[in-house]
Amino acid sequence: RVKARPSPAGPGAPADVTGARRPWFNSDGRMTTSHHIPALVTDLWAGGLAAARTLGRRGIPVIGLSNGAPAPGVRSRHVWRIWNYRGDSDALVDVLLRRRGELNDSPVVFATNDLVASALSRRRDELLKGFRLPLPAPGVIEEGIGKQGFARLADRLGLPIPRTFQANDLGQMECVARQTSYPCILKPDYRSVQYFLAARAKAFIAENAAGLLASYRKFCHVEPRVVV
């Protein structure tokens, strides 16, 4: 259960459960000296909320990133500041770089979804100048979390995986629908929030070509890259 509290965008630091104010932020929003290194949580849905709770219960100041979506972590008492951004994951990185000066110490950035982890990894050289970033190099991330990248990695290393097709648009998907065997499983390359809002499923089972294409059309406008 998430306990509601006043909007974190208001002036001053929000009160904790005892009514006291955390000594982490001045009235102008800049961070004060603290014996804890701050944590930046980049996604306040289920994974980000779990991270914020774990960190906040240990007295670590948590700053959450929000793109305006109604994520439950935005209202969590364990999140003491919200940094808003508009746009994709690269816009999130831009906000991190722009607002780094508000913090006295280099914060640890927790990437709690695949798209953010990919964007952070691509721009890790910029971010490492002012942030602690527990992520490997971009190529490792792309092969590890993207379905298409992992399929290519498995093929290169000779790993035993099911026969896999890749598609990046409807035309390629129609070709795959004619080549694959049935039943088959359709998965997006990345499962973003936008994908879940459109598809409402982690994956789709298709019994025939018509079903495969119908499932793809449910979400291809937000995530056209898939594996079958």
Side-chain angles (χ1 to χ4, degrees), residues 7-14 24-26 28-32 34 36-52 55-56 60-76 78-146 148-149 188-198 221-225:
S7 171
W24 298 326
F25 297 95
N26 294 316
D28 63 358
R30 296 181 66 84
M31 195 167 192
T32 62
S34 171
H36 286 300
I37 296 170
L40 283 159
V41 177
T42 62
D43 180 344
L44 294 173
W45 292 89
L49 176 58
L55 295 164
I60 297 171
V62 176
I63 299 171
L65 277 295
S66 172
N67 63 354
V74 171
R75 307 301 301 178
S76 171
H78 297 295
V79 178
W80 298 97
R81 275 289 180 272
I82 295 291
W83 286 0
N84 293 296
Y85 69 96
R86 292 291 180 268
D88 58 14
S89 298
D90 279 304
L92 180 152
V93 176
D94 292 338
V95 167
L96 292 179
L97 295 170
R98 187 174 68 248
R99 301 192 66 170
R100 168 64 184 86
E102 298 177 19
L103 308 176
N104 288 336
D105 204 345
S106 298
V108 180
V109 182
F110 290 87
T112 51
N113 72 53
D114 291 349
L115 291 176
V116 170
S118 179
L120 293 175
S121 184
R122 287 196 309 272
R123 300 177 64 180
R124 69 194 301 266
D125 290 341
E126 296 175 76
L127 291 163
L128 286 175
K129 297 174 183 177
F131 298 89
R132 293 173 169 90
L133 196 66
L135 287 174
V140 177
I141 284 287
E142 296 301 326
E143 290 184 333
I145 62 179
Q148 291 188 354
D189 192 25
Y190 292 100
R191 287 198 296 261
S192 64
V193 172
Q194 290 75 19
Y195 164 80
F196 273 116
L197 292 175
H221 59 289
V222 293
E223 179 51 84
R225 299 167 298 177

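FYI, side chains are in, hydrogens and waters are out, and symmetry mates aren't considered; it's all heavy atoms of this structure.
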Please report the interatomic distance [atom1]([X]) to [atom2]([Y]), rounded to the nearest 0.5 Å.
| X | Y | atom1 | atom2 | answer |
| --- | --- | --- | --- | --- |
| Leu96 | Leu65 | CG | CG | 5.0 Å |
| Leu40 | Trp83 | CG | CH2 | 5.0 Å |
| Arg191 | Asp114 | CZ | CG | 7.5 Å |
| Arg122 | Ile141 | CZ | CD1 | 10.5 Å |
| Leu127 | Ser106 | CG | OG | 11.0 Å |
| Tyr85 | Ser66 | OH | OG | 7.0 Å |

Hey, is the main chain of [Y] close enough, under 3.5 Å, to the side chain of [X] for a donor-acceptor pair?
| X | Y | result |
| --- | --- | --- |
| Ser121 | Pro136 | yes |
| Thr112 | Gly47 | no |
| Asp105 | Ile37 | no |
| Asp88 | Ala91 | yes |
| Arg100 | Leu103 | yes |
| Arg123 | Asp90 | yes |

Does some side-chain heavy atom of [Y] sit less than 4.5 Å from a side-chain heavy atom of [X]?
| X | Y | value |
| --- | --- | --- |
| Leu133 | Leu120 | yes |
| Trp45 | Asn113 | no |
| Val108 | Pro134 | yes |
| Val62 | His78 | no |
| Asp43 | Leu115 | no |

Exercise: identify the closest heavy-atom pair between [X] and [Y]:
| X | Y | answer |
| --- | --- | --- |
| Leu55 | Ala39 | CD1-CB, 3.6 Å |
| Ala69 | Val74 | O-CG2, 4.4 Å |
| Ala117 | Ile145 | CB-CD1, 4.2 Å |
| Glu126 | Leu97 | OE1-CD1, 3.5 Å |
| Leu49 | Ser76 | CD1-CB, 3.7 Å |
| Gln194 | Asn67 | NE2-ND2, 4.1 Å |

Subject >> Salt bridge present between Arg225 and Glu223 (N-O < 4.0 angstrom) >> reply: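 A salt bridge is present here (some side-chain N lies under 4.0 Å from a carboxylate O).
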Original post:
Who passes side-chain contact (heavy atoms from CB on, under 4.5 Å) against Ala198, sequence neighbours left out?
Top reply: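 Scan of Ala198 (side-chain contact (heavy atoms from CB on, under 4.5 Å), adjacent residues dropped) gives Phe219, His221, Val222.
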Subject >> Partner residues of Tyr190 under the side chain to side chain donor-acceptor pair (under 3.5 Å) criterion, sequence neighbours left out >> reply: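 Applying side chain to side chain donor-acceptor pair (under 3.5 Å) to Tyr190 gives Glu142.
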